[in-house]
Each structure stands twice: as structure tokens, then as C-alpha cells.
Q: 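Quick one: structure below, then a few questions.
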Amino acid sequence: MLDIKLIRENPELVKENLAKRGNPESLIMLQELIDADKRWREDLTKLNDLRHDRKVCTQEIATLKKARQDATAQVEKAKTIDTQITAMEKEVTQIEQKTRQILMDLPNLLHETVPYGTSDQDNVETKTWGKLPQFTFTPKSHIDLALNLDIVDLERAGKVAGARFFFLKGLGVLLDYALMNFALETLYSKGYTPIEPPYLMKREPYEGVTSLGDFADVLYKIENEDLYLIATSEHPMAAMYMNEVIKQDDLPLKLAGVSACFRKEAGAHGKDTRGIFRTHQFNKIEQFIFCMPEDSWQLHEELAANCEEILQKLELPYRMVNVCTGDIGTVAAKKYDFEAWMPAQGAYREVISCSNCTDYQARRLGIRFREKEGAPPKGCLHTLNSTAIATGRTIVALLENCQQEDGSIVIPKVLRKYMGDMEKITLKR
RNA sequence: GCCGAGGUGGCAGAGUGGUUAACGCGCGGGCCUUGAGAGCCCGUGGAUCUUACGGUCCGCAGGGGUUCGAAUCCCUUCCUCGGCGCCA
């Protein structure tokens, strides 16, 4: 959510920034917001005047009653003021809801370093790392490898849960947990506090962390309950401190979320249908930071550096892209994607997404900071989030990059200690 | 799930239908002091109007209701604590 004060004081700046996202509708919404806000303030002043009149009147009544005098005339007057107040309240509430709605729908302001573009085609590659593997044979796709090694069962998952679900089996499970443990320990050693959050969230906190469109396209809802399955541990971690004021000394707060993630993938019909690249459920270690506004850009780079360290230790070739204005999400001011090389597809595919949301989430959630204990709240802090490891996609990358001609997989060195010092995944006979 | 007790500012804690959220603690500023401390004074949630000085309104877990008037009475949801039940 943007700061309404900024919109009032500097509408041109907001306008220019929104225009960069290439969504002309948002400019119309902004103008509607500005008009409605002006009317809201006028009406609020009138409403406050009426409430003041009523206050004066009820005090007269109280004084009269104490003196045991007749207050009928004053009561009548108060009643007429009440009628006016009720009408005015209704109008003010209506306008308020409208402005809130628009404010919730408007996206975050973009950082000046975000490249202009209209789709993911325009994302700017900022770095590549690692040598692309050379095969003396035709590399197989992750799904052929996984089925051969009997570490994934898709058919039975279809029977049990439907498309885009999977059973992970045997060494697949060990590999999954090895990745989780590796990422978690890496972050823990850097001072991130591990968090295992609730996997379900109520609607109100959920509205604070994501755009409203996600409720239909992304989130699973529990029937007859005000509960949604989390799409990432970013969401409960962000909402964790909702309506709180955090001491400046305690910032930055660095968290490492551990959870399964659930996504409807409603907008992805026909995409990545084969295999486990895009599924309704996967495990993920997530980095999350609450910090002072002046520190967020530096910490964004820190998150990105952590991602690189993890990918490099896994020996996965990747590229880093600066996500362009047309492809960046609603809440992020700047976003890096890390894309691992997928030999069977001959393409880099997203495995990590690393965002600075500035004060956008914090304002929606009412998370502020104070200079010290006992001091009044100062302003909204900044939030950042980044994947550390999403196991599904990382397994895809590992299988394809580390495959041998016989279909076995060489396990990256850093993972072996979590898998009983095993060096290879081979089919047991 | 059932029964009971609760939810008031950063914290602690009054207020149980009639203008002001008492008294503390903490925090900020000022006076005093060589300095620190103590002491004293002012301030310390949000919105809005005003160039300013300064007003006005809202805020007692959320939402609704009764009333001229609600932190206070009623309904409802959420949460916390205790007891019982169920359960890995």
C-alpha cells in the first residue's frame, strides 16, 4: 500500500512511476483515488463538526439532568443531529471503502534501477555463473530421470490428489531434506532465525501480504473456515508482526522460513505440465527481513548474495536477472530472479526470486518501528523476501545438471553429509 | 468441542451509562547543575482542518446493536488464560 500522504503531496511522482509499469488502468485509478480522497476529507470535516455539535448537546443534557431540570428540547435537538450524523457517516464510510480499495490495488513504487519492459523477455541479465555442462550423450529431462530412479511417482499422485501433485520417494525424499537442511544451516550460520510458521492463515492478515488477485488464482481456501493455505512462508512471516512496533535496536530482523507451499497455479494452464517444475505443493526455505528503511537496499543485495552462495555451492550454473517493470509483481519495488540452467530444456528457468518490498507490505500490515523502548512509533519499516531454496525446482535442476550417461545422479558435495555421505543416486536393483 | 475468567496507550494498571483514558514506569524536550543524578515543568496513538498560532474528531481486541450520550449495557466474531473432553 502506498502512503496516501505521498500521493497527496506528490501525485506527479506517483503518476510517473505507475506509468512505468505499463498499466494505463492504474493511472485512472490514481486519479479516482485523488478525487475521492479530496471529497473524503471535506466530508470528514463536516462529520466531525456534527459530532462536535452532538457532544455539546449531550453535555447540556447531562448538566440539566443533574440539576433535575427538563431536557426534552435538548434531547430532540440531539436526535436530529444524530440523523444527520448517521447519513454523513454512511457517505464517509462509502468513500473510505473506495479509497482503501484503490489504495490496496495500486502497486508499489519501483526503484530507479528497475529496467523498463513489458514482459519477462525484457528482464535484464546482470550476471551468469558456472560452466554449462557438456554431455557426450543426449541429456534426459528431469522427469525421465526421476521416474527411472524411482524417486518420484506422478501417476499415483494423480490418482490420489490430481494433476500437478507428486509423491516423492526414497532418495528423492532424502535429497529434498538435504536441500532444506543445507539451506537452513547456511542461513542459520549467518544469523537468520529459523521459523516454522502456521501453514494456514486468516484472510485479514493475508490481505496485508499479497495482492487481492492472488486469493482467486493462487490460494487454496479451507471450506467453511476463514483459513487459507500459505503459498510461501513469506506470508506468515510478514504477518507475524502485524500491528506491532519494533524497536530499532532489534532491527534488522532476519528470518529463515521453513514450510511447504501450496499454490493453485490457476493462471498456468498448459505450462510446465510434465514433471515437478510447477506443482501445487513444494517445500521451501525462505529468507525474510524486517529492517530500517535506510538499510533495505543494502540488505537486498545481501539476500541476493546468499542466493548466489547457495547456488554456487550446489554447483548449479545460473544467471541473475533484474526483473523489468512489466514483469515485476505488485508488492516489489525491485526484484532479482535467479534462473538455473536446465540442460534438457536448453534454457535458464527461475528457481529463486528475491524482492525488496520497501514499506508497501509493512504499511498494509501496520508494522512500524520506534527509536527505543518507550519512544513513540516513528514510521513503517521495510520488508524483503527471497527464496533460499525451493526444493522442487532445485531438484529438477540438480537431476538434469548432474546426470550421468547411465541415468545416475552425482550428488553435489555439500549435500552428501545429509545423505549418509552418498555420492550418487542410482537405481537399486 | 464444552464450561469459566479475561482482552484498556510502549509497559503496568484505574475507570462498571454523563465533558477530559486517573496514578505510575518508560521515552523525548526544557529548567536547574562544572557534569551526571535527583527534583520540577511540558510533551509522548491515529485521522483531519489551519500559512501559522491552534482547533475538531476517532481510538478501551474486531464487527453490529440499545441510548440524547457507551471503555462501561446487549448480540456476535477473534484471541489469551484456567478447568473438562478428544487427539499425534
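Each chain gets a letter, A, B and so on, in the order the sequences are listed, and its residues count up from 1.
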Q: Send over the distance from A:Asp49 CG to B:rG55 C1', rounded to a whole Å.
A: 10 Å
Q: In whole angstrom, give me the gap between the C1' atoms of B:rU34 and B:rG45.
A: 40 Å
Q: Nearest-Å distance, CG (A:Leu50) to P (B:rG55)?
A: 21 Å
Q: Between N or O atoms, less than 3.5 Å apart, protein on one side and nucleotides 7-13 of chain B on the other: list the pairs.
A:
| from | atom 1 | to | atom 2 | distance (Å) |
| --- | --- | --- | --- | --- |
| B:rG10 | O4' | A:Arg370 | NH1 | 3.4 |
| B:rG10 | O4' | A:Arg370 | NH2 | 2.8 |

Q: Answer yes if the side chains of A:Asn123 and A:Asp337 hold a donor-acceptor pair under 3.5 Å, and no otherwise.
A: no
Q: Strictly by side-chain hydrogen bond (donor to acceptor under 3.5 Å, both in side chains), give each pair with a member in residues 73-88 of chain A just once, sequence neighbours left out.
A: A:Arg54-A:Asp82
Q: For atom C1', what is the distance between B:rA38 and B:rU56, given to the nearest Å?
A: 40 Å
Q: Rounded to the nearest 0.5 Å, how far apart are OG of A:Ser408 and CG of A:Leu427?
A: 10.0 Å
Q: In the structure shown, which nucleotide is the Watson-Crick or G-U wobble counterpart of B:rC57, with both distances under 3.5 Å?
A: B:rG46
Q: Rounded to the nearest angstrom, tell me the gap between atom NZ in A:Lys378 and atom P in B:rG45.
A: 13 Å
Q: For A:His235, check ring-ring contact (aromatic ring centres under 6.0 Å, His included) against everything at least two apart and list the hits.
A: A:Tyr206
Q: Scan A:Glu302, A:Glu185, A:Gln287, A:Glu309 and name whichever one has a side-chain hydrogen bond (donor to acceptor under 3.5 Å, both in side chains) with A:Lys190.
A: A:Glu309
Q: Using whole Å, what does the distance between atom C1' of nucleotide B:rG46 and atom CE of A:Met1 come to?
A: 13 Å
Q: Provide the closest heavy-atom pair for A:Thr387 versus A:Lys284 in the form atom of the first, atom of the second, distance.
A: CG2-CD, 3.7 Å
Q: Any strand is fair game: report the nucleotide pairing with B:rU72 by Watson-Crick or G-U wobble, both distances under 3.5 Å, or none.
A: none
Q: Sort me out a list of protein N/O and nucleotides 47-50 of chain B N/O pairs below 3.5 Å, or just none if empty.
A:
| from | atom 1 | to | atom 2 | distance (Å) |
| --- | --- | --- | --- | --- |
| B:rU48 | OP1 | A:Arg8 | NH1 | 2.4 |
| B:rU48 | OP1 | A:Arg8 | NH2 | 2.5 |
| B:rU48 | O2' | A:Thr45 | OG1 | 3.4 |
| B:rC49 | OP1 | A:Arg41 | NH1 | 3.1 |

Q: When you check the phosphate oxygens OP1 and OP2 of B:rU56, does a side-chain N or O of A:His52 lie under 4.0 Å from one of them?
A: no
Q: Between B:rU72 and B:rG65, how far apart are the C1' atoms? Round to whole Å, please.
A: 15 Å
Q: Applying a 3.5 Å limit to both distances, which nucleotide forms a Watson-Crick or G-U wobble pair with B:rG6?
A: B:rC79
Q: To the nearest angstrom, how far is A:Asp43 atom CG from B:rC57 atom C1'?
A: 14 Å
Q: Regarding A:Asp226, tell me which of base, sugar-phosphate or nothing describes its non-hydrogen contacts under 4.0 Å with the strands shown.
A: nothing
Q: At their closest point, which heavy atom of A:Arg363 faces which heavy atom of A:Leu2, and how far apart are they?
A: NH1-C, 3.6 Å
Q: Taking atom P in both B:rA21 and B:rA71, what distance in whole Å separates the two?
A: 11 Å
Q: Would you say A:Thr99 and A:Asp37 are linked by a side-chain donor-acceptor pair, where the criterion is simply a distance under 3.5 Å?
A: no
Q: Distance between the P atoms of B:rG83 and B:rC40, in whole angstroms?
A: 45 Å
Q: If you count every heavy atom of other residues, nucleotides or ligands that lies below 6.0 Å from A:Arg8 atom CZ, does the total exceed 12?
A: yes
Q: Ignoring hydrogens and angles, write down the donor-acceptor pairs under 3.5 Å from the side chains of residues 213-222 of chain A, residues two or more places apart or on other chains.
A:
| from | atom 1 | to | atom 2 | distance (Å) |
| --- | --- | --- | --- | --- |
| A:Asp214 | OD2 | A:Thr210 | OG1 | 2.3 |
| A:Tyr220 | OH | A:His280 | ND1 | 3.0 |
| A:Lys221 | NZ | A:Glu225 | O | 2.4 |

Q: Take atom OH of A:Tyr206 and atom C1' of B:rC78, then tell me their distance rounded to the nearest Å.
A: 20 Å
Q: When both hydrogen-bonding distances must be under 3.5 Å and the geometry is Watson-Crick or G-U wobble, what is B:rC84 paired with, if anything?
A: B:rG1
Q: So which of residues 53-64 of chain A are in contact with RNA chain B, with a heavy-atom cut-off of under 4.0 Å?
A: A:Lys55, A:Thr58, A:Gln59, A:Ile61, A:Ala62
Q: If you assign each of A:Lys202 and A:Pro376 to its closest nucleotide in RNA chain B, which residue comes earlier from the 5' end?
A: A:Pro376
Q: For nucleotides B:rG64 and B:rU50, find the distance between their P atoms and express it as a whole number of Å.
A: 29 Å
Q: Tell me the interatomic distance from A:Glu225, atom CD, to B:rU77, atom P, rounded to whole angstroms.
A: 13 Å
Q: Taking A:Val258 as the fixed residue, which of A:Leu187, A:Asn181, A:Ile285 is the one that meets the side-chain contact (heavy atoms from CB on, under 4.5 Å) rule?
A: A:Ile285
Q: Sticking with atom C1', work out how far B:rC23 lies from B:rC74, rounded to a whole angstrom.
A: 32 Å
Q: Between A:Lys65 and A:Lys372, which has a closest nucleotide on RNA chain B that is more 5'?
A: A:Lys372
Q: Expressed in whole Å, how much space separates the P atoms belonging to B:rG62 and B:rG9?
A: 10 Å
Q: List the steps, then state whether side chain to side chain donor-acceptor pair (under 3.5 Å) holds for A:Thr358 with A:Asn108.
A: CA-CA 8 Å; A:Thr358 59; A:Asn108 199 358; 2.9 Å; yes
Q: Who is the Watson-Crick or G-U wobble partner of B:rA22, with both distances under 3.5 Å?
A: none
Q: Would you check if the side chain of A:Arg393 reaches a backbone N or O of A:Val351 as a donor-acceptor pair within less than 3.5 Å?
A: no
Q: Between A:Arg203 (CZ) and B:rC78 (C1'), how many Å, whole number?
A: 17 Å
Q: Rounded to the nearest 0.5 Å, what separation is found between the CG atom of A:Leu175 and the CG atom of A:Leu171?
A: 8.5 Å
